[in-house]
Novice: 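Take a look at the following structure, please.
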Amino acid sequence: MPIDRVTLQILSNHCQAAAEAMARTLMRTAHSTFVKESEDFTCGLVTPEGKTFASPFDFGATWFVGLDYARGLSLIEDYDEGDVVICNDPYSGFVCTHTPDMHIWKPVFHDGELVCFAVGHVHNTDIGGAVPASLSRQLTEVHQEGLRLPPVRLYRKGELNRELVDIIMANVRMPEQNWGDMKAQYASVSIGEARVREIIARFGIETFREGVADLLDLAEAQARQVIRSIPDGEYFFADFMDEDSPAGYPARVALNLIVSGDEIVFDYTGSDPQLASSINVPTGGDERHVLLMVGAVYVLYTLDPSILRNCGLLRPLSCILPEGSIVNPRFPAAVGMRSLGVGRLMSTIFGAFAQALPDRLQGGPGSGGPLLNVRTTDNRTGRSVMANISPITAGAGASAAGDGSEGCGANQAFFKNTPAEINEADVPIRILEYGLAPDTAGAGRHRGGLSTTMLFQVFAPHTVLTARNRDRMVFTPWGIAGGAAGKSSRFIRNPGTAREVDLGNTDVVTVEPGDIIRITAAGGGGWGLAQERDPGAVIADVRGGFVTVEGAARDYGVVVRDGAIDEGATAARRRAMAAGADNEFFGHSPGRVAFEQIWTPRLYDRLTDLLWRVPVNWRFFVKHRLFDAVEALDAGEIDPDALDDAFAALIDEHPQLGEWVAADRT
């Protein structure tokens, strides 16, 4: 029997408070900067069936609202009081989403009955593997991404499994950090257990049990109400990552968003096949996997900030996930950089929803700045040190309501920035500059948010930088309703010197003493025509250092001389801009415009149709050979029949592939 709404709200507050107590405990006791400062962690409470019903509101990563632990929990046959389980294998139940994320869960009992689990994860600075920090686009299988643990008891009936701890610490680069964070996780789930028992003591077990079910039902009802406010229809959008592998070709995420009444289907047919790199998103084919739903949760929460954030929110949503695709890869595909794939999933979802609700949603979110790890040597002690330093965040997209937020990090799970002093204390580098980068926002009547930029110097030989998620140099965040795309991200070694090197999207770089590194993310997309922006807002941005004088004229048509607006020159410049406007809804980057002059949506659709005619293990190879063939044509728009011819030639070249295609085994 459902409990009354007042009691339900009070119970909800207590459950959320329990989750927040878990988060505070974890933050205050963790050892690694990425957990205690950037807050790459989660905490929460889940039902015995694995459905998340409580999580912190203001702490931790925001990507995991509604995470379903069911498949992971089921891999342990039975639970006893005092058990604690850990797991970081992305393919064991698809709860963990890459190897650095160490998940933990502890059963909570009441009078012998399992009533819920206290759960969470932290992103370990390193979990072993081929590169420092364990993650790089260049890795091609999950075995290269560090130690993998299927669900295994860290504690059995309250007794620590010391042998397991020794195995973990022998396989990671910074064992004291991993062990410190693991102890913090144990403290966190223990606090969660204690808080649940307090809640049951106050409300009674029946009210707790029924209330948890009601909270999930309420979130579902709220989600359905929001969805009914979205016009029915099909909305297609595709977005790209710059490279599907180091120095590779672009990778497409395609979405047909189908809104019908109070339900939504996300059809990813037409997305790239799984890649021979680590950008794949491990979902196990789960049609409501939390990584697929990040963008959808953000949209629903934007439309109704009062909505409950738990597993019930996802019930009206489902995905179509072609097997062997970037959104449903087969083992042993590498998945360490799945956060880059998820970032593009998010922007693709936003682009589809923006067509349905152009006056309520934002332009493309800024991204492309890395989560940066530095491994170096402390010259004073000779000790090897490694830490994640402040995320290089980007601005939000603009909307009809106003400019995008500056450097907000929405596309990086709202990780917090780390004070420069703490970065310098953790690793011997010197932060020379950290702030907002002018002219990075997409122009518009409302401009996108500015990205952040960091300039730092290293002092020890063989310092290794792992710049996870480098992207958005070519395909930058798009504008909407006539707004312009955000400016490109940058990764420069020794900028402004004779030794300057553009590092592009490289994500593992060895640097030497005295080298200076500049990293800048791509800015958020604009909303509305730039020549319609209030000139007063433009001059205010110039005076505030957000827009340069050159950028004001180039991007907004506002000519500034001697600190004031030149009215006549501005009027002339804006007339010229209006005459040259293309009146397209989406404002794409020059790189995407040039790419799609050759790789039109029609041609790319033909490519994906052909790729799904071959076995999964051939698809990445065939894609690259077909891209090579199109490049060799050296023409403008390519007829899809030319792609068919290149595919036929490839079949002739590889008889074993031809046999598969002839048998139509797909």
Novice: Do Leu314 and Val65 make a side-chain contact, defined as non-hydrogen atoms from C-beta onward lying under 4.5 Å apart?
Specialist: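 No, side chains not in contact.
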Novice: Hey, would you say the His624 and Tyr249 ring centroids sit under 6.0 Å apart?
Specialist: yes
Novice: About how many Å separate CG of Asp439 and CG of Asp555, when rounded to the nearest 0.5 Å?
Specialist: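 These two atoms lie 6.0 Å from each other.
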Novice: With a 4.5 Å cut-off on side-chain heavy atoms, are Met346 and Val294 touching?
Specialist: yes
Novice: Is there a side-chain contact between Arg137 and Asn505 in this structure, where contact means two heavy atoms from C-beta onward sitting under 4.5 Å apart?
Specialist: yes
Novice: Could you tell me whether the side chains of Arg338 and Thr97 share a donor-acceptor contact shorter than 3.5 Å?
Specialist: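 Yes - a donor-acceptor pair under 3.5 Å links their side chains.
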Novice: Nearest 0.5 Å, what's the CG-CD1 distance between Leu147 and Ile127?
Specialist: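 One finds 5.5 Å between CG of Leu147 and CD1 of Ile127.
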Novice: Give the minimum heavy-atom separation between Pro316 and Ile227, together with the two atoms involved.
Specialist: CB-CD1, 3.8 Å
Novice: Quick one: do Arg470 and Glu243 make a salt bridge, cutoff under 4.0 Å?
Specialist: no
Novice: Apply the test side chain to side chain contact (heavy atoms under 4.5 Å, CB included) to residues Gln656 and Trp618: give CA-CA distance (whole Å), side-chain angles for both, the deciding distance (0.1 Å), then the verdict.
Specialist: CA-CA 11 Å; Gln656 67 274 40; Trp618 278 85; 3.8 Å; yes
Novice: Check whether any side-chain heavy atom of Leu317 lies under 4.5 Å from a side-chain heavy atom of Phe266, and answer yes or no.
Specialist: yes
Novice: What heavy-atom pair brings Val327 and Thr283 nearest, and what distance separates the two atoms?
Specialist: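 Residues Val327 and Thr283, closest heavy atoms: O-OG1, 2.7 Å.
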Novice: May I ask you to decide if Asp89's main-chain N or O and Ser92's side chain share a donor-acceptor pair within less than 3.5 Å?
Specialist: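 No; judged by distance alone, with no hydrogens or angles, the pair does not exist.
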Novice: Using a 4.5 Å cut-off on heavy atoms from C-beta on, say whether the side chain of Leu257 contacts that of Gln355.
Specialist: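 No, too far: nothing below the 4.5 Å cut-off.
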Novice: Is it the case that over 12 heavy atoms from other parts of the model lie below 6.0 angstrom from the NE2 atom of His143?
Specialist: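 More than 12 heavy atoms, drawn from other residues, nucleotides or ligands, come within 6.0 Å of this atom.
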Novice: Checking Glu234 against Asn256: is there a side-chain donor and acceptor pair closer than 3.5 Å?
Specialist: yes
Novice: In sequence, state the C-alpha distance, the side-chain angles, and the governing distance for Trp478 and Phe585, and then conclude on side chain to side chain contact (heavy atoms under 4.5 Å, CB included).
Specialist: CA-CA 10 Å; Trp478 32 268; Phe585 180 75; over 6 Å; no
Novice: Please step through side chain to side chain contact (heavy atoms under 4.5 Å, CB included) for the pair Trp599 and Leu643, ending with a clear verdict.
Specialist: CA-CA 11 Å; Trp599 281 96; Leu643 207 60; 4.0 Å; yes
Novice: Are Asn88 and His103 packed together at the side-chain level, in the sense that at least one heavy-atom pair is separated by less than 4.5 angstrom?
Specialist: no
Novice: Between atom CG of Leu292 and atom CG of Asp286, what is the distance when rounded to the nearest 0.5 Å?
Specialist: 7.5 Å
Novice: Any donor-acceptor pair under 3.5 Å linking the side chain of Thr393 with the backbone of Gly407?
Specialist: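 Between the backbone of Gly407 and the side chain of Thr393 there is a qualifying donor-acceptor contact (under 3.5 Å).
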Novice: Looking at Tyr235 and Ile349, would you say the former's side chain and the latter's main chain have a donor-acceptor pair under 3.5 Å?
Specialist: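 Not a single qualifying donor-acceptor pair exists.
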Novice: Can you tell whether the side chains of Asp471 and Arg344 come within less than 4.0 Å, N to carboxylate O?
Specialist: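 Yes, charged N to carboxylate O under 4.0 Å.
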Novice: Hey, does Leu313 have a side-chain heavy atom less than 4.5 Å from the side chain of Val297?
Specialist: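 A side-chain contact under 4.5 Å exists here.
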Novice: I'd like to know if the side chain of Asp101 reaches the main chain of Cys96, judged simply by a donor and an acceptor atom lying under 3.5 Å from each other, with no hydrogens or angles considered.
Specialist: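 Judged by distance alone, no pair lies under 3.5 Å.
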Novice: Cut-off 3.5 Å, side chains only: do Ser339 and Asn469 have a donor facing an acceptor?
Specialist: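 On atom types as modelled, these side chains qualify, holding a pair under 3.5 Å.
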Novice: Quick check against the 3.5 Å criterion: does Arg288 have a side-chain atom that pairs as donor or acceptor with the backbone of Leu67?
Specialist: no
Novice: Measuring from Tyr268:OH to Cys319:SG, what's the distance to the nearest 0.5 Å?
Specialist: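 SG of Cys319 is found 5.0 Å from OH of Tyr268.
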Novice: Could you check whether any side-chain N or O of Glu145 sits under 3.5 Å from a backbone N or O of Glu141, counting only pairs where one atom can act as donor and the other as acceptor?
Specialist: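 Looks like no, no N/O pair under 3.5 Å.
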Novice: Quick check, are the ring centers of His588 and Phe475 under 6.0 angstrom apart?
Specialist: no
Novice: Check step by step if salt bridge (Lys or Arg N to Asp or Glu O under 4.0 Å) holds for Lys623 and Asp272.
Specialist: CA-CA 9 Å; Lys623 174 192 170 182; Asp272 263 27; 2.5 Å; yes
Novice: Indicate yes or no for a side-chain donor-acceptor contact from Asn280 to the backbone of Gln274 under 3.5 Å, with no hydrogens or angles considered.
Specialist: no
Novice: Assess the side chains of Ser260 and Asp232: does a donor N or O sit below 3.5 Å from an acceptor N or O?
Specialist: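 Looking only at side-chain atoms, Asp232 and Ser260 do not form any donor-acceptor pair under 3.5 Å.
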Novice: Okay, side chain of Ser278, backbone of Val335: is any donor-acceptor separation there less than 3.5 Å?
Specialist: no
Novice: For Tyr556 versus Arg447, what's the shortest heavy-atom pair and its separation?
Specialist: OH-CB, 3.3 Å
Novice: At their closest point, which heavy atom of Val630 faces which heavy atom of Ile638, and how far apart are they?
Specialist: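 Closest approach of Val630 to Ile638, heavy atoms only: CG1-CG1, 4.0 Å.
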Novice: So, Phe621 versus His654, ring centres under 6.0 angstrom or not?
Specialist: yes
Novice: Give every donor-acceptor pair under 3.5 Å between a side-chain atom in residues 515-527 and any protein atom, sequence neighbours left out.
Specialist:
from, atom 1, to, atom 2, distance (Å)
Asp515, OD1, Asn494, ND2, 3.1
Asp515, OD1, Arg499, NH1, 3.2
Asp515, OD2, Arg493, NE, 3.0
Asp515, OD2, Arg493, NH2, 2.7
Asp515, OD2, Glu512, N, 2.9
Arg518, NH1, Glu433, OE1, 3.4
Arg518, NH1, Glu433, OE2, 3.1
Arg518, NH1, Thr453, OG1, 3.0
Arg518, NH2, Glu433, OE1, 2.9
Thr520, OG1, Thr453, OG1, 2.8
Trp527, NE1, Pro358, O, 3.1

Novice: Using side-chain heavy atoms (C-beta onward) and a distance below 4.5 Å, is Ser489 in contact with Ser451?
Specialist: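 Contact flag for Ser489/Ser451 side chains = no.
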Novice: Would you confirm whether the ring centroid of Phe353 sits within less than 6.0 angstrom of the ring centroid of Phe237?
Specialist: no
Novice: Decide yes or no on side chain to side chain contact (heavy atoms under 4.5 Å, CB included) for Leu650 and Glu653, but give the supporting numbers first.
Specialist: CA-CA 5 Å; Leu650 195 60; Glu653 182 182 345; 3.9 Å; yes
Novice: Between Asp641 and Arg606, is there a side-chain N and carboxylate O pair less than 4.0 Å apart?
Specialist: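 A salt bridge links Asp641 with Arg606.
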Novice: Checking Ser367 against Arg472: is there a side-chain donor and acceptor pair closer than 3.5 Å?
Specialist: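 Judged by distance alone, the side chains do pair up.
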Novice: In terms of ring plane angle, is the pair Phe240 and Phe595 parallel, tilted or perpendicular, where the classes change at 30° and 60°?
Specialist: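 Rings of Phe240 and Phe595: perpendicular, as their planes differ by over 60°.
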Novice: For residues Leu357 and Pro231, report the shortest heavy-atom separation together with the two atoms involved.
Specialist: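 The answer is CD2-CD, 3.9 Å.
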Novice: For Ser318 and Glu287, indicate whether the former's side chain and the latter's backbone hold a donor-acceptor pair under 3.5 Å.
Specialist: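 Checking the backbone N and O of Glu287 against the side chain of Ser318, no donor-acceptor pair under 3.5 Å is found.
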Novice: How long is the span from the CG atom in Asp267 to the CG atom in Leu255, to the nearest 0.5 Å?
Specialist: 7.5 Å
Novice: Closest heavy-atom contact between Ser136 and Val131?
Specialist: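 Shortest heavy-atom separation between Ser136 and Val131 comes out as CB-CG2, 4.1 Å.
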Novice: Could you give me the CA-CA distance, side-chain angles and deciding distance for Asp507 and Arg468, then say whether salt bridge (Lys or Arg N to Asp or Glu O under 4.0 Å) is met?
Specialist: CA-CA 6 Å; Asp507 60 14; Arg468 178 161 56 107; over 6 Å; no
Novice: Assess whether a salt bridge exists between Asp239 and Arg252, defined as any Lys/Arg side-chain N lying under 4.0 Å from an Asp/Glu carboxylate O.
Specialist: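 No, Asp239 and Arg252 are not salt-bridged.
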Novice: Can you tell me if Glu500 uses its side chain to pair, donor with acceptor, with the backbone of Gly496 under 3.5 Å?
Specialist: yes
Novice: So how far is it from Ser134 OG to His98 NE2, rounded to the nearest 0.5 Å?
Specialist: 9.5 Å
